[in-house]
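Treat the numbers as computed from the prediction; the structure is a model and nothing was measured. Counting from 1, the numbers follow the sequence of the chain as shown.
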Amino acid sequence: MAHEILSVKLCQLDDELGMLHSRIRLGENAGHEQLSREIRQLSQECSEAALTLGDRLRLSKSEYASALYTYYEKIQELIREGCGRLQALAAQQPEECAQAEAKLLLAEYALDFAHQAAARALLISLEAIDSQLLCNEKQERSSE
C-alpha cells in the first residue's frame, strides 16, 4: 500500500515541477504586467494550497497527522515571518537592481531548500517502504 501512495505523490510532484519549469520559462519572457498577474495568481494558489494542506492535517483522525499539523503551523509562521523580514531587507536597497539581486538570491536559496526537502522526502519514503517490507515479512512469518 505504501508504494501506491508514494507513487501517486511522486506523480503529483513531477507535475508540479513541470509546471515550475514552465512558469519560470514563461516568466523570463513575460512583461511586467503579465508577471504581476502571474505573481498574484500564484500567490493565491500558494495560499489555497497551504490552507488545504493545513485543513487535511487538522481534520485527520490520525494522531500522527495531528502532531504534524502542530509543526506545520509553526513552520508556516516562520516562513511568513522570514519572507516578510527578507522582503523588508530587499526593499531597503536604494537601487532597483540591488533589490532584484537580493530577490534573485532568495529565489536561488528557495530552490535549494526545495531540493533539500525533496531529498528528505526521498529518505523518509525509503524508510517507510523498508518499514512496510519488515511488517509484511513479520506477518508472513507469523502466519506460517
Calculate, to the nearest 0.5 Å, the distance between atoms [atom1] and [atom2] belonging to [X] and [Y] respectively.
X: Gln76; Y: Tyr69; atom1: CD; atom2: OH; answer: 10.0 Å
X: Ser66; Y: Leu59; atom1: OG; atom2: CG; answer: 10.5 Å
X: Asp130; Y: Cys135; atom1: CG; atom2: SG; answer: 11.5 Å
X: Gln41; Y: Cys46; atom1: CD; atom2: SG; answer: 10.5 Å
X: Glu81; Y: Arg85; atom1: CD; atom2: CZ; answer: 4.0 Å

Legend entry - Distance-minimising heavy-atom pair for Ala30 and Leu35: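 Minimum heavy-atom separation between Ala30 and Leu35: CB-CG, 4.0 Å.
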Any heavy-atom pair between the side chains of [Y] and [X] that's under 4.5 Å?
X: Ile75; Y: Ile79; result: yes
X: Thr70; Y: Lys74; result: yes
X: Leu20; Y: Leu17; result: yes
X: Leu104; Y: Glu108; result: no

Legend entry - Co-members of Leu89 in a cluster of I, L, V, M, F, W and Y side chains, linked at under 4.5 Å: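 For the cluster that includes Leu89, the remaining residues are Leu86, Leu106.
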Inset, instruction - Scan side-chain atoms only and decide if Gln132 and Asn136 contain a donor-acceptor pair under the 3.5 Å cut-off. - result: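 Result is yes, a qualifying pair exists.
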Legend entry - Within residues 54-65 or reaching into it, pairs that qualify as salt bridge (Lys or Arg N to Asp or Glu O under 4.0 Å) - sequence neighbours excluded: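 The answer is Asp55-Arg58.
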Inset, instruction - List the steps and the verdict of side-chain contact (heavy atoms from CB on, under 4.5 Å) for Leu13 and Lys9. - result: CA-CA 6 Å; Leu13 182 59; Lys9 290 294 180 181; over 6 Å; no
Inset, instruction - State whether the side chain of Tyr72 and the backbone N or O of Ala50 hold a donor-acceptor pair below 3.5 Å, judged by distance alone. - result: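 Side chain of Tyr72 to backbone of Ala50: a pair is present.
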Legend entry - Main-chain N/O of Gln139 paired to Ser142 side chain as donor or acceptor, under 3.5 Å: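 Yes; at least one donor-acceptor contact below 3.5 Å.
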Inset, instruction - Look at atom CD of Gln12 and say whether more than 12 heavy atoms of other residues, nucleotides or ligands are closer to it than 6.0 Å. - result: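 For Gln12, atom CD is crowded (more than 12 foreign heavy atoms under 6.0 Å).
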Inset, instruction - Is it possible for you to say whether Ile39 and Met19 belong to one hydrophobic cluster, with membership spreading through side-chain heavy-atom contacts below 4.5 Å? - result: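 No, Ile39 does not connect to Met19 through the hydrophobic network.
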Inset, instruction - Mind running side-chain hydrogen bond (donor to acceptor under 3.5 Å, both in side chains) on Glu48 and Gln44 for me, showing each step along the way? - result: CA-CA 6 Å; Glu48 289 172 5; Gln44 180 68 29; 2.8 Å; yes
Legend entry - Pairs meeting criterion side-chain hydrogen bond (donor to acceptor under 3.5 Å, both in side chains) with involvement of residues 24-39, two or more places apart: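 Pairs touching residues 24-39 that pass the test: Arg23-Glu38.
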